[in-house]
Amino acid sequence: IPSITEEVARKAFTDYVNSKCCYSSSPVEEATFTSLEAHNTYRYRLETFTESRSTEWSNEPFEGQPVDAFTQAAPGPWNVPVQTPELFKDATQDIKVPCTSSVKPCHTCNTTGKVPCKDCSGAGNKPCQSCAGSGAQLGETCAACSGRGCQSCFHCSGSGTDKCDTCKGKKQLLVFIKLTVKWTNNISDFVGALQSGFPVDKISKVSGNKVFSVTQYMVYPVQGFPDPDICQAAQRLVNEHQTKYAATSRVLQQRQTIELIPITKVNYTWKGNPYDYFVYGSEHKVETDNYPATCCCTIL
């Protein structure tokens, strides 16, 4: 039984063609539908939401921030309290580890707050572009540089220095251990066998009708589902995720779902010739590789 009606199939086709600037609408308007074939399939998805933590030394300009190094022992990476974000969504957060912040002189500018200008290498001036540094043009004194052969550096206004990028001119740095917490939703999909020739990679971009869903700290593989391929895939993927992610990060939650992905092959004729296209997903997206009225646009 087709999962969509002819009316839905035609509207999806119309929307698809309208989104293509070089497609003629004639086949949509004049097509005669001959059959709608259902090729629905199941998609099993396993999501493992993990948290990983890493530390590194970092610094920022010192502007009076609290200094707490050596006040007490610094906590380990997994002992720093962090608010967990929404489950099954990627996120990253950087945190100063308590009791690690201290003040040190800026190593880039040696506490001057300034570094040599990159444009003039600290000279404060550059060769005059009008006279190429000669001081004269056509036998007369160069008006641009008044005969000096050089001009003040525009970038540093002739000072020869720039503000230090490391300390932002503050001369001192707050040095601390930075904790990076990364939450990752690791997803693995399995799609049931397709006999229609529909490209499997397209299915990952659409949704379907959810027929099963369970969320737990650690899920058990699906058993007893009518399609044995789904059960085998669930067993394999659950084992893979437990082996791969539990060893390198902290598993917070797992979720497994089974969706029925609607796929309909629409056969039609136009000007006496047979063609076809697929309508797939709850979004009614269209896939076709033989649209009969395309053109090549040339920009003159």
Side-chain angles (χ1 to χ4, degrees), residues 1-47 86-89 185 187-215 219 221-234 237 255-297:
I1 300 176
S3 55
I4 59 173
T5 63
E6 183 175 315
E7 180 181 0
V8 172
R10 190 179 295 275
K11 182 181 184 306
F13 203 23
T14 300
D15 293 342
Y16 170 77
V17 171
N18 289 341
S19 70
K20 305 292 184 179
C21 66
C22 298
Y23 281 22
S24 168
S25 61
S26 296
V28 177
E29 298 168 353
E30 302 168 6
T32 300
F33 286 5
T34 56
S35 65
L36 276 69
E37 305 172 10
H39 294 278
N40 304 332
T41 190
Y42 289 109
R43 176 178 63 199
Y44 171 82
R45 171 168 291 176
L46 177 62
E47 300 169 82
E86 183 178 351
L87 295 177
F88 303 108
K89 286 193 175 181
N185 192 31
I187 303 174
S188 295
D189 287 346
F190 171 80
V191 177
L194 295 173
Q195 306 296 330
S196 60
F198 182 81
V200 176
D201 62 301
K202 298 290 184 181
I203 294 180
S204 64
K205 303 174 183 178
V206 296
S207 60
N209 302 316
K210 193 174 295 184
V211 297
F212 173 81
S213 179
V214 62
T215 301
V219 299
V222 174
Q223 295 181 344
F225 195 73
D227 186 342
D229 289 344
I230 294 292
C231 297
Q232 293 175 11
L237 292 177
R255 177 169 63 191
Q256 58 181 347
T257 56
I258 300 175
E259 293 175 279
L260 179 63
I261 308 296
I263 302 175
T264 302
K265 183 177 183 180
V266 182
N267 299 290
Y268 68 98
T269 59
W270 183 62
K271 293 186 175 180
N273 296 313
Y275 301 96
D276 61 67
Y277 64 92
F278 291 94
V279 181
Y280 64 102
S282 299
E283 299 83 356
H284 295 151
K285 288 193 174 185
V286 168
E287 172 67 17
T288 181
D289 58 4
N290 63 352
Y291 190 72
T294 61
C295 66
C296 295
C297 296

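When reading the values below, keep in mind they use all heavy atoms of this one structure, side chains included, and skip hydrogens, waters and symmetry mates.
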Practice prompt. I would like to know whether Phe212 and Gln256 meet side-chain contact (heavy atoms from CB on, under 4.5 Å); could you show each step before the answer?
Written response: CA-CA 8 Å; Phe212 173 81; Gln256 58 181 347; 4.1 Å; yes
Item to complete: Answer with yes or no after comparing the ring centroid distance for Tyr44 and Phe190 against a 6.0 Å cut-off, counting only values under it.
Response: no
Worksheet item: Are side-chain heavy atoms of Tyr268 and Phe13 found at a separation under 4.5 Å?
Response: yes
Worksheet item: Do the non-hydrogen side-chain atoms of Ser282 and Asn209 ever get within less than 4.5 Å of each other?
Response: yes
Fill in: Close side-chain approach of Thr294 to Cys22, heavy-atom, < 4.5 Å
no
Discussion item. Restricting to non-hydrogen atoms, name the atom on Gly224 and the atom on Cys231 that form the minimum distance, rounded to 0.1 Å.
Written reply: N-SG, 3.8 Å
Worksheet item: Which heavy atom of Tyr280 sits nearest a heavy atom of Lys202, and at what distance?
Response: CE1-O, 3.7 Å
Fill in: Distance-minimising heavy-atom pair for Ser213 and Thr257
OG-CG2, 3.3 Å
Worksheet entry | Side-chain heavy atoms of Ile187 within contact of Arg45, under 4.5 Å | yes
Item to complete: With the side chain counted from C-beta on, respond yes when Phe278 and Val286 share a heavy-atom pair under 4.5 Å apart, and no when they do not.
Response: no
Practice prompt. Kindly confirm or rule out a cation-pi arrangement of Arg255 over Phe88, judged by NZ or CZ under 6.0 Å from the six-membered ring centre and within 45° of its axis?
Written response: yes
Fill in: Closest contact, heavy atoms only, Pro274 versus Thr269
CA-CG2, 4.2 Å
Worksheet item: Is there a side-chain contact between Phe33 and Val266, using heavy atoms and a 4.5 Å cut-off?
Response: yes
Practice prompt. Return yes if some donor-acceptor pair links the side-chain N/O of Tyr277 with the main-chain N/O of Ala9 below 3.5 Å, else return no.
Written response: yes
Item to complete: To the nearest 0.5 angstrom, please state how far the OG1 atom of Thr41 sits from the CD atom of Glu259.
Response: 11.5 Å
Fill in: Point-to-point distance, once rounded to the nearest 0.5 Å, from CD1 of Ile4 to NZ of Lys11
11.5 Å
Worksheet, complete the sentence: When every non-hydrogen atom of Leu237 is compared with those of Ser188, the smallest separation belongs to CD2-CB, 3.9 Å
Practice prompt. Flag the pair Arg43 / Ile203 as yes when at least one side-chain heavy-atom distance between them is below 4.5 Å, and no otherwise.
Written response: yes
Fill in: Straight-line distance of Tyr291 OH to Tyr23 OH, nearest 0.5 Å
8.5 Å
Practice prompt. Quick one: pull up CG in Leu36 and CG in Asn267 and give me the separation to the nearest 0.5 Å.
Written response: 8.0 Å
Discussion item. Please give me the minimum heavy-atom distance between Asn40 and Ile263, naming the atom from each residue.
Written reply: OD1-N, 2.9 Å
Fill in: Gap between atom OH of Tyr16 and atom CD of Glu287 - 0.5 Å precision
6.5 Å
